[in-house]
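So the structure is just underneath, and the comments pick up after that.
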Amino acid sequence: MPIEWDPAARQWHLRNERMSVILAVLENGELGQLYLGSALTPGVDYRHLARGPFHGWENRVGAPIRLELPTPDTGDYRQPALAVDLPDGSQAMRLRVRDHRILRGKPALAGGMPATYVEDDVEADTLEVDLVDERTSLVATVRLTLFRDHPALARSITVRNDGDAPVTLRTLMSASLDMPGADWERITLHGSWVRERHVTRAPLTPGRYATESLRGSSSLVASPFMALVRPSTTEAAGEAIGVSLVWSGDFLADVEVDQYATTRLRMGLHPDSFAWHLAPGDSFTSPEAVVVHATDGLGAMSEAFHRLYRSRLARGEWRDRVRPILINNWEATYFDFDEDRIVDIARVAAELGIELFCLDDGWFGRRDSDDRSLGDWVVDRRKLPNGLETLARRIRDLGMTFGIWIEPEMVSADSDLFRAHPDWAIGVPGLPRTESRQQLVLDLGRTEVVDHLAGALSAILSSAPIDYVKWDMNRTMTESWSGVLPAERQGEMRTRNILGVYELYRRLTERFPHILFESCASGGGRFDAGMLAFAPQAWTSDDTDAVERLRIQWGTSMVFPVSSMGAHVAAVPNHQTGRITPLATRAAVAAFGAFGYELDLTALSTEERAQVTDQVAWVKAHRETLQRGRFLRLIDPFAGNGNDTAWMCVSDDAHHAVVGWYRVLSRPVPGPSAVRLRGLDPARRYQVRVWPETDDTLVRRNSLVRGGDELMTVGLFLDDEPREAGVRGDFQARLFELEAV
Ligand code: DGJ
């Protein structure tokens, strides 16, 4: 039984083969967090783990320091997981365990929160513990699900007001982990537009460190993810605890080290932009946090996220399918196109083996630039006189499928929608609205807005054979105020907005189950687990430069699988950096993602067309391993001078693997170097092939049959001759294919 309740010890032990989580009712009735780590023996009383430093002089004699749901103002001076403005204005509560339930499977979350799921009740067990503050009748239910096949715990909280006066939720943290000791380093992901999810690692120090977003979305700048690792943890060895939030709006993740050197990690809705009014009888359910524990390195932590998120967070017809190779016209044409121009690009794409055409921004309203027409989801007949249907059919006749770009959550001031419903745009009456990209955010907390968008977009999506949608979102939120909420509920506005986005996604994905949705937010500005619950892939970054992409894709892979990362080959000089990289290098980077092209294919030379034909064929031949195999990071672009990067994908049966190796600048007199592989079968022998098959020492030295053991201990040869670089020139890459013989 994976969840063991020991009535004598008053202890719960959630356990699978790799992970244990232990909770207990403490002497004073509070819910204590005893342990989270690798699997411990069942049937054992672990209450002794509750001992430790005490806040004795703070009048909490006997209250241990590790709490499941800490609240403020009762002696634990660290940051709380739950803070409520109670009817008399105080915040002090005594939350005591009243009840618990052990459930087979995993219940869906209330209130429209996306979450991980099971397909069969045997895949997980769930513990729900009700805590009650007797004085105010506030009930908090902590919900913990441990998966059978993943070292992963899902946690959410529901707070219900059983009292007879309203209260306001101020802080509600989906994750709150109390760890003994502070011998950890934190890993977080940061960036900006065209530089998303760069990895930062630093030791914990006394005090508090936060990573957060108050931009209305999870953002380009920070990510709702944090890992704690031991100082000695590497990709392949050592302890790692990763926490990821299934939420796409404002968030706070922080880690606090107190005077006893204990560590508290929290993650959840950002308390600065969240306040939820709970009338008597009302309840609110937090987003879900997913906690992964790994003993064998950061790579194992990421792999657990990849497997869980790919199979039990993503959903729908596309979840388990390899992704079509796509051509997107954005960087080829921007807003300047017409039907024939699009068909010209599509014709070349079809000849090269590309499978799907995405018509990006500019096909609707009078959208000749980004300062108008968002909200007017009707075809621009000046550009597409025969409508989407004819265009889609012409592309289908070429043997490809067709999809479109939309940005449903926004409205341009210059649009028919805004002229008809100015009050649908978010803004504070009497205050100018801050504009960003000349657009405003629609209030998706209003049902009529969601209804309108669902109607308008359903009409478009059923007007033509559309198999793919790129759902963009291009601005942050400001002047947050909703015309349909009373003053005491304005603190709910940003949360309701994201719930409205989810509701719109839910309606469209249910109505059009065959459509592959790709989320996007000025690139990877909303690449989060909440979006992945609706769209199985996301546009990773507007930065299509192959060199920049190495770090972006490496950082994104901390949590997200290869199949979820939209990655395209673009033109050179690159539109974001001006860098000129070889076509082969651009493809070798994009191959480790949902692969596609984003350039004017009609402008390619004959030789380049031949190369693209080759690339497309190569990705088709290997995408099962690339998108559905294990992804392992090998050489870290954030380490040292970042000149080399390597990663690999290996099939679950270890029969087949693909390795990508990338070098930014060529160095003279390099000396011998190699990249050691992981995840192979040490007892098998592999035929190694290098692609592209250029005439250089790297290809000659590596095209051999070698043992899995040797490839994991010695590795593939990068430079061999001390005086001659294996690969010459800057911005080089090679793909290695390994096949068991
Ligand atoms: C931002 C996206 O990230 C781009 O790929 C492109 O779709 C533009 N928006 C279109 O406006």
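Counting convention: from 1, in listed order, for ligands and their atoms alike.
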(message) I'd like to check the side-chain hydrogen bond (donor to acceptor under 3.5 Å, both in side chains) partners of Ser369; sequence neighbours left out, ordered by chain and number.
(response) Asp371
(request) May I ask you to check whether Glu598 has an N/O atom sitting below 3.5 Å from an N/O atom of ligand 1? (result) no
(request) Identify whether NZ of Lys or CZ of Arg in Arg549 sits under 6.0 Å from the centre of the six-membered ring of Trp539 and within 45° of that ring's axis. (result) yes
(message) Quick check on Arg437 - does any of its heavy atoms sit under 4.0 Å from an atom of ligand 1?
(response) yes
(message) Between ligand 1 and Arg367, is the shortest N or O to N or O distance under 3.5 Å?
(response) no
(message) Checking contacts here: is it the side chain or the backbone of Ala521 that comes within 4.0 Å of ligand 1, counting heavy atoms only? Could be both or neither.
(response) neither
(request) Answer yes or no on whether Arg321 is positioned over the face of Trp318, meaning its NZ or CZ is under 6.0 Å from the six-membered ring centre and within 45° of the axis. (result) yes
(request) Look at ligand 1 and say whether Asp542 reaches it with a heavy atom at a distance under 4.0 Å. (result) yes
(request) Give a yes/no verdict on whether any heavy atom in Lys470 is under 4.0 Å from an atom of ligand 1. (result) yes
(request) Find all atoms of ligand 1 within a distance of less than 4.0 Å from any non-hydrogen atom belonging to Trp405, and give their numbers and elements. (result) 7 (O), 10 (C), 11 (O)
(request) Check each heavy atom of Asn474 against ligand 1 and say whether those closer than 4.0 Å belong to the side chain, the backbone, both or neither. (result) side chain
(request) Please work out whether the ring planes of Phe305 and Tyr309 are parallel, tilted or perpendicular, with thresholds of 30° and 60°. (result) tilted
(request) Would you tell me which option among Asn329, Asp360, Asp361 has the nearest heavy-atom contact to atom 6 (C) of ligand 1? (result) Asp360
(message) Looking only at the aromatic ring of each residue, does the gap between the centers of Phe335 and Trp330 stay below 6.0 angstrom?
(response) yes
(message) Taking side-chain hydrogen bond (donor to acceptor under 3.5 Å, both in side chains) as the definition, give me every residue that meets it alongside Glu409, ordered by chain and number, with sequence neighbours left out.
(response) Trp471, Arg526
